[in-house]
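Encoded as structure tokens, the structure appears first; notes follow it.
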There are 2 protein chains.
Amino acid sequence: MEPTKKHDVFQAIADKTRRDVLRLLAEKKELPISAIAAHFPISRTAITKHLNILAEANLVQSRKSGREKIYHLHPEPLTELKQWLSFYERFWENKLSILKHVVENEYPPTFVTIGGFFCLHLPRH
Amino acid sequence: MEPTKKHDVFQAIADKTRRDVLRLLAEKKELPISAIAAHFPISRTAITKHLNILAEANLVQSRKSGREKIYHLHPEPLTELKQWLSFYERFWENKLSILKHVVENEYPPTFVTIGGFFCLHLPRH
DNA sequence: ATCATATGAAACCTTTAGGTGTTATGTAAA
DNA sequence: TTTACATAACACCTAAAGGTTTCATATGAT
């Protein structure tokens with residue numbers, strides 16, 4: 001029978017250390033295990049276990065280069081979290097938060113008012 | 001010293017049962033403990049513990065009515081999760097997803113093109 | 001060939017998570 | 001005032017989480 005993945009994305013991000021590892025990999029693009037461990041007060045072995053859990057949830061991937069195992073972020077599974085969250089947004093977000101979302105998370109849009117329409121210019125990329 | 005909250009929102013949602021409890025409360029608005037427990041194959045005592053963890057994370061609140069303790073969803077702490085997620089969105093979302101987000105999660109906006117500006121009309125509420 | 005380094009793997013420990021069952025207490029209803 | 005019911009409070013259990021240390025193995029550098 002399928003070896004049923006033991007850790008999902010919800011469990012993977014439950015631990016602060018693992019969230020910190022994700023953040024580190026987001027910033028540094030890719031790092032071998034020892035370099036990751038150097039950022040934390042716990043043992044390399046412990047970090048390896050956290051990396052295994054993150055890998056089970058498919059939040060990180062690795063390639064081997066010589067004697068090093070180099071990890072990088074694989075953010076796609078976070079979409080599951082986003083979907084889960086989106087269900088609850090309607091319980092607390094008001095509609096103005098559309099603007100808030102855009103303003104806070106994207107390049108500053110340009111606002112214009114044209115004939116009673118409240119518009120924002122979305123730059124094309 | 002402050003009895004330092006033991007469970008945060010990340011840990012609270014790590015457990016499937018607790019996520020199911022949240023979903024149930026989102027649908028049913030409010031329910032006493034026994035009614036909640038009736039939806040699950042585990043004991044009422046176990047559900048009470050899950051509710052305590054959710055309450056520590058401030059994801060549920062309760063009021064007492066006679067001999068019943070009635071719980072309801074308190075979604076605000078999920079904003080912390082949303083903020084955490086938003087950091088990673090840029091690693092997998094392309095910019096078109098701004099539109100995607102608006103279209104999927106909000107009332108259909110109106111699109112207009114004015115003098116080279118690609119605008120969308122955000123209805124005011 | 002030797003030595004240092006990066007990782008893997010195993011054994012072990014302590015605390016917490018998630019569950020059980022039993023008993024006690026407060027409130028509603030008969 | 002009994003009786004039934006909803007919850008609280010314990011004591012307890014097992015397995016998993018998060019950590020440690022030690023030893024082995026593979027690879028790069030001298």
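Keep in mind that the numbers below use all heavy atoms, side chains included, and drop hydrogens, waters and symmetry copies.
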Legend entry - Interatomic distance where CD belongs to B/E68 and C1' belongs to C/dT27 [whole Å]: 11 Å

Legend entry - Same apolar cluster: B/I53 and B/F10, side chain cutoff 4.5 Å: no

Legend entry - Nearest-0.5 Å distance that lies between atom OH in A/Y71 and atom CD in A/Q61: 11.0 Å

Legend entry - Identified side-chain contact (heavy atoms from CB on, under 4.5 Å) partner of B/H74 from the options B/L54, B/L59, B/N58, B/V60: B/N58

Legend entry - Between CG on residue A/L25 and CZ on residue B/F91, distance to nearest 0.5 Å: 10.0 Å

Inset, instruction - Quick one: pull up CG in A/L73 and NZ in A/K29 and give me the separation to the nearest 0.5 Å. - result: 8.5 Å

Legend entry - Integer-rounded Å distance: D/dA26 P and A/K64 NZ: 10 Å

Legend entry - Any residue of residues 12-39 of chain B with a heavy atom less than 4.0 Å from an atom of DNA chain C: B/D15, B/R18

Inset, instruction - Mind listing the closest non-hydrogen atom pair of B/R19 and B/A14 along with its distance? - result: NH1-O, 3.2 Å

Inset, instruction - Check the distance between C/dA6's P and A/I47's CD1 and give it to me in whole angstrom. - result: 15 Å

Inset, instruction - Return the value, rounded to whole Å, for the distance between atom CD of B/E56 and atom C1' of C/dA17. - result: 13 Å

Inset, instruction - Would you kindly give the CZ-to-C1' distance between A/R63 and D/dT27, to the nearest whole Å? - result: 16 Å

Inset, instruction - Measure distances between side-chain N and O atoms of B/R67 and base N and O atoms of D/dT7, and say whether any donor-acceptor pair falls under 3.5 Å. - result: no

Inset, instruction - Look up atom OG in A/S62 and atom CG in A/L31, then write down how far apart they are to the nearest 0.5 Å. - result: 13.0 Å

Legend entry - Phosphate OP1/OP2 of D/dA16: any A/H7 side-chain N/O under 4.0 Å: no

Legend entry - Earlier contact from the 5' end, DNA chain D, for A/I53 and B/T48: B/T48

Inset, instruction - Check the distance between D/dA17's P and B/F10's CZ and give it to me in whole angstrom. - result: 19 Å

Legend entry - Separation between NE2 of B/H50 and NE2 of B/H7, rounded to the nearest 0.5 Å: 10.5 Å

Legend entry - Spacing of A/N52 atom CG relative to C/dT7 atom P, expressed in whole Å: 13 Å

Inset, instruction - Figure out the CD/C1' separation between B/Q11 and C/dG18, and round it to whole Å. - result: 14 Å

Inset, instruction - Examine D/dG19: is either OP1 or OP2 under 4.0 Å from a nitrogen or oxygen in the side chain of A/H50? Give yes or no. - result: yes

What pairs of nitrogen or oxygen atoms, one from the protein and one from nucleotides 20-22 of chain D, lie under 3.5 Å apart?
{"residue": "D/dT20", "atom": "OP2", "partner": "A/S43", "partner atom": "N", "Å": "2.8"}
{"residue": "D/dT20", "atom": "OP2", "partner": "A/S43", "partner atom": "OG", "Å": "2.5"}
{"residue": "D/dT20", "atom": "O4", "partner": "A/K49", "partner atom": "NZ", "Å": "3.4"}
{"residue": "D/dT21", "atom": "O4", "partner": "A/T45", "partner atom": "OG1", "Å": "3.4"}

Legend entry - Hydrophobic cluster membership, B/I70 vs B/I33, 4.5 Å side-chain cutoff: no

